[in-house]
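Lettering of chains follows the sequences in order, A, B, ..., and the numbering in each one begins at 1.
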Amino acid sequence: MTPTDEPQAPAPASGKSDFIRDIVNDHLKNGRFDRVLTRFPPEPNGYLHIGHAKSICLNFGVARDYHGKTNLRFDDTNPLKESQEYIDSIKTDIRWLGFDWEEREFYASDYFQQLYDWAVVLIKAGKAFVDDSTADQIREMRGTLTEPGKPSPWRDRSVEENLDLFERMKAGEFPDGSKVLRAKIDMASPNINLRDPVMVRILHAPHPHAGDQWCIYPMYDWAHGQSDSLEGITHSICTLEFEDHRPLYEWYIDQLGIHKPQQIEFARLNLTYTVMSKRRLLALVQEKLVRGWDDPRMPTLSGMRRRGYTPEAIRAFAEKVGVAKNDSVVDFSLLAFCLREDLNKRAPRRMAVLRPLKVTLENFPEGQVEELDCQNNPEDPSAGTRKVPFSKVLYIEQEDFREDPPKQFFRLAPGREVRLRYAYFVTCREVVKNAAGEVVELKCTYDPATRGGDAPDGRKVKATLHWVSAAHAFDAEVRLYDHLFTKSDPDDAEEGRDWRSNLNPASLEMLKGCKLEPALKDLRQAGERVQFERMGYFVTDPDTTPGAPVFNRTVTLKDTWAKIEKKAGAGSR
RNA sequence: UGGGGUGUCGCCAAGUCCGGUUCAAGGCACGGGCCUUUGGAGCCCGCAUUCGGAGGUUCAAAUCCUCCCGCCCCAGCCA
């Protein structure tokens with residue numbers, strides 16, 4: 001090709017740029033590859049979490065940018081830890097996130113025969129051998145980080161013997177752990193992965209996808225690269241800890257002389273106030289520290305879905321986080337921002353009083369009901385309006401009243417006038433308390449001239465409260481969530497204690513008897529997301545039954561008042 | 001005291017390969033203001049004389065060289 005024919009480095013369709021896309025650009029420009037095929041290779045040994053979402057967005061995103069495709073491949077090489085439940089959940093989660101692998105659903109276990117045949121090729125080439133050593137012996141002979149290893153006494157078996165033994169391993173003649181197939185590379189390599197790595201081990205265990213077909217299973221390194229190669233993957237994107245494995249990944253492929261993808265490593269996602277390792281997520285579930293993989297406090301995609309997170313918000317988050325090789329911990333507030341940004345534009349507004357405080361309008365006619373027009377979404381006029389009933393007895397939020405209001409508290413207080421959203425100005429005339437001295441009711445008056453919320457005399461009010469008509473509201477359970485951990489770094493525990501000691505006892509608060517406006521009835525089962533005005537974004541929980549609606553708070557609204565209050569509290573202490 | 005990575009604002013992150021009008025982007029957070037029938041949303045302003053540190057090369061360095069320091073990963077028949 002002449003210089004003038006040289007293809008332009010195809011800029012990513014998205015216009016995005018990061019070190020991975022830079023590499024892809026180079027490959028396309030220098031001819032190493034003429035297309036892009038990536039893959040997302042989960043091991044079905046747990047549920048997907050937000051960290052996987054970053055990888056999914058990256059793999060599918062890069063492919064999409066270059067008009068390529070992405071395969072879904074289950075890296076199912078360890079039947080002891082894997083299950084169909086996980087396979088199913090992973091597929092559900094990827095689809096929910098908004099990505100489509102079309103017909104390209106693969107399983108490393110479908111390549112086991114090919115892997116077996118290739119192992120035979122390596123044995124014949126004198127590059128692999130059957131080792132009778134125990135796991136302990138292999139570990140001892142591997143050496144340490146600073147000392148080289150020693151060759152196994154079985155390293156120089158004849159090709160014939162290796163072939164025979166390997167075949168019998170496959171045939172099930174030997175018990176678990178009695179033999180392994182190892183690559184013959186270099187016991188003195190400074191890269192421990194190259195010290196005659198185990199390729200295949202004996203595991204008499206049924207496999208969720210392959211069934212009872214096999215009793216020998218390939219190790220990650222022996223399976224992954226070859227699987228990539230078989231599928232014609234061009235860019236095999238993985239996390240940083242596999243950087244040391246790249247030489248081995250390439251060694252196997254070079255020995256076999258097959259298609260060689262480019263492995264590229266990036267830094268995995270970490271988020272403040274949560275844990276992300278599968279081991280810990282499993283522990284949370286198994287030790288019943290949460291209610292399951294889909295507990296709304298979990299960073300799993302199923303948990304976030306139940307919590308009301310949107311795929312759009314998660315994808316936006318993945319994009320804003322970026323891709324690089326620095327170990328990093330992303331601030332949870334960025335995720336919250338992405339959620340609010342998305343939900344603000346599309347969530348219809350409704351009124352719901354979570355902790356009700358009774359308000360009686362003394363001068364409002366007994367038995368009268370007014371239907372007031374309320375906007376469904378101030379951000380989106382096309383969302384229209386709805387009628388909300390208003391009457392003599394109402395509920396407002398307990399926290400919207402203070403008998404002795406601090407300076408910056410603008411809400412209701414004795415003698416103070418505020419606006420009830422879309423309704424009237426009301427003034428607090430009398431505070432009713434119970435025997436315990438708790439405020440149980442407010443006697444107020446309303447100004448009939450302020451219907452809709454505007455005072456004809458131009459009178460201003462400093463606060464607008466949400467409310468609900470007592471006679472028309474219906475009850476619901478509302479679940480409020482906070483971070484699962486009290487520390488931004490759950491590992492920051494006291495001496496002798498682990499991350500579990502940082503679990504947040506207040507991460508779940510269940511409120512019963514919350515009062516919701518009638519229009520919310522339509523959303524009881526729909527799973528639709530709404531904003532309860534001033535309280536946050538909510539979604540119905542699957543625990544909802546026809547007679548007992550349950551809502552989850554997805555995320556709060558930005559709360560300037562809470563910030564002021566917190567600052568004042570901190571200052572006075 | 002082996003090998004592989006990585007250090008740019010509180011948190012992410014461009015820029016580093018090809019040193020100089022992109023040369024310290026952008027986002028989150030934070031602070032201030034405007035506006036507001038959600039203390040929501042929106043809008044405006046502010047927020048790194050400095051790029052882990054020290055030397056050096058150069059007319060010019062976050063970008064090149066040297067040395068030093070920190071952090072992460074690797075000694076599973078896990079992935």
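Across the protein-nucleic acid pair, A:R421 atom CZ and B:A41 atom C1' stand 10 Å apart, rounded to whole Å. The separation between A:D196 atom CG and B:C77 atom P is 12 Å, rounded to whole Å. In this structure, the NE2 atom of A:H224 is 21 Å from the P atom of B:G76, given to the nearest Å. Separating the CG atom of A:L194 from the P atom of B:G4 is a distance of 12 Å, rounded to the nearest angstrom. Here B:G40 presents its P atom at 17 Å from CD of A:Q375, a figure rounded to the nearest Å. Taking atom CZ on A:R182 and atom C1' on B:G76, their separation rounds to 13 Å, with Å as the unit. Rounded to whole angstrom, the span from the CG atom of A:D380 across to the P atom of B:G42 amounts to 15 Å. Rounding to whole angstrom units, CZ of residue A:F129 and C1' of B:C77 are separated by 13 Å.
Comparing the C1' positions of B:G15 and B:G26 gives an interatomic distance of 12 Å, to the nearest angstrom. Look at the C1' atom in both B:U50 and B:U66: the space between them is 22 Å, to the nearest Å. Going from the C1' atom of B:C73 to that of B:G33 covers 47 Å, rounded to whole Å. The separation of B:G52 from B:G3, taken at their P atoms, amounts to 24 Å, rounded to a whole angstrom. Across B:C28 and B:A75, the matching C1' atoms stand 40 Å from one another, rounded to whole Å.
Distance from the side chain of A:L145 is smallest for B:C74 among the nucleotides B:A13, B:C74, B:A79. Listed nucleotides: B:U6, B:G39, B:G2. Nearest to the side chain of A:T464: B:G39. Comparing B:G2, B:G15, B:C78 by their closest approach to the side chain of A:K81 singles out B:C78. The listed nucleotides are B:U38, B:C77, B:A75; the one nearest the side chain of A:V198 is B:C77. Nearest nucleotide to the A:V180 side chain, out of B:C77, B:G39, B:U8: B:C77. Of the candidates B:A75, B:C12, B:A29, B:A29 carries the atom nearest the A:S333 side chain, counting heavy atoms from C-beta on. In the set B:U38, B:A75, B:G39, the nucleotide with an atom closest to the side chain of A:F410 is B:G39. For A:P190, taking side-chain heavy atoms from C-beta onward, the closest of the listed nucleotides B:C28, B:G3, B:C74 is B:G3.
Within 4.0 Å of A:K563, counting heavy atoms only, lie sugar-phosphate atoms of the nucleic acid but no base atom. Nucleic acid contact class of A:R142 (heavy atoms, under 4.0 Å, all strands): sugar-phosphate only. Using a 4.0 Å heavy-atom criterion, one finds that A:S133 contacts the bases of the nucleic acid, with or without backbone contacts as well. Across all strands shown, A:T77 has heavy atoms under 4.0 Å from sugar-phosphate atoms exclusively, and none from any base. At a threshold of 4.0 angstrom between heavy atoms, the contacts of A:M219 are confined to the sugar-phosphate backbone, with no base atom among them. A:P378 comes within 4.0 angstrom of a base, heavy atoms only. Among the atoms of the strands shown, only primed sugar atoms or phosphate atoms (P, OP1, OP2) are found under 4.0 Å from some heavy atom of A:V323. Within the nucleic acid shown, A:L335 has no heavy atom closer than 4.0 Å to any nucleic acid atom. A:A135 comes within contact range of at least one nucleobase, with a heavy-atom separation under 4.0 Å. Residue-level contact check: A:S328 touches the backbone only, with heavy atoms under 4.0 Å from sugar-phosphate atoms and none from bases. Using a 4.0 Å heavy-atom criterion, one finds that A:F425 contacts no nucleic acid atom at all. Within the 4.0 angstrom heavy-atom criterion, no nucleotide atom of any strand lies near A:L203. Across all strands, A:V461 comes closer than 4.0 Å to no nucleic acid atom at all (heavy-atom distances). Contact annotation for A:R139: backbone-only contact, meaning every heavy-atom pair under 4.0 Å involves sugar-phosphate atoms and none involves a base.
Listed pair A:R279 / B:A79 fails the phosphate criterion, with no side-chain N or O lying under 4.0 Å from OP1 or OP2. A sub-4.0 Å separation between OP1 or OP2 of B:G40 and a side-chain N or O of A:T560 is present. The side chain of A:K567 contributes an N or O atom lying less than 4.0 Å from OP1 or OP2 of B:G31. The shortest distance between the side-chain N/O atoms of A:N326 and the OP1/OP2 oxygens of B:A13 is below 4.0 Å.
Checking side-chain atoms of A:R201 against main-chain N and O of A:I216 turns up no donor-acceptor pair under 3.5 Å. A:K54 places a side-chain N or O within 3.5 Å of a backbone atom of A:A267 that can act as its donor or acceptor partner. A:R411 contributes no side-chain N or O that, together with a main-chain N or O of A:A463, makes up a donor-acceptor pair within less than 3.5 Å. The backbone N or O of A:S189 sits less than 3.5 Å from a side-chain atom of A:R195, completing a donor-acceptor pair. Remark: side-chain polar atoms of A:D76 are paired, donor with acceptor, to backbone N or O of A:A108 under 3.5 angstrom. Without hydrogens or angle criteria, A:R182 side chain to A:D196 main chain gives a donor-acceptor distance under 3.5 Å. Distance alone, capped at 3.5 Å, places no donor-acceptor pair between the A:R168 side chain and the A:E173 backbone. For the pair A:E265 (side chain) and A:E241 (backbone), a donor-acceptor distance under 3.5 Å is absent. The backbone N or O of A:R421 sits less than 3.5 Å from a side-chain atom of A:W467, completing a donor-acceptor pair. A:R350 places no side-chain N or O within 3.5 Å of a backbone atom of A:E517 that could act as its donor or acceptor partner.
In summary, the aromatic rings of A:Y249 and A:F242 are positioned with their centroids too far apart to meet the 6.0 Å limit. For A:F74 and A:H209, the gap between ring centers reaches or exceeds 6.0 Å.
Salt-bridge annotation for A:K81 and A:E43: absent, with no side-chain N of the basic residue lying under 4.0 Å from a carboxylate O of the acidic one. Salt bridge present: A:D491 and A:R280 bring a charged side-chain N and a carboxylate O closer than 4.0 Å. Under a 4.0 Å N-O distance rule, the pair A:D26/A:K29 does not qualify as a salt bridge.
Annotation: proximity of residues 336-356 of chain A to RNA chain B (heavy atom, distance under 4.0 Å) is found for A:F337, A:N344, A:R349, numbered in ascending order. Taken residue by residue, residues 238-250 of chain A places heavy atoms nearer than 4.0 Å to RNA chain B at A:E241, A:F242, A:E243, A:D244, A:H245.
Here A:Y220 does not lie in a stacked arrangement on the base of B:A79, lacking the combination of planes under 30° and ring centres under 5.5 Å apart.
With hydrogens and angles left out, the side chain of A:R534 and the base of B:G39 share no donor-acceptor pair within 3.5 Å. A donor-acceptor contact under 3.5 Å links the side chain of A:E379 to the base of B:G40.
Base orientation of B:G70: anti, the glycosidic angle falling outside 90° of 0. Base orientation at B:U22 is syn, since its O4'-C1' glycosidic dihedral falls within 90° of 0.
Heavy atoms of other residues, nucleotides or ligands lying less than 6.0 angstrom from CZ of A:R346 number more than 12.
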RNA chain B in dot-bracket form (Watson-Crick or G-U pairs under 3.5 Å, [ ] crossing, | inter-strand) is .(((((((.[[[..)....(.....]]].(((((.......))))).....[[[[[..)....]]]]])))))).....
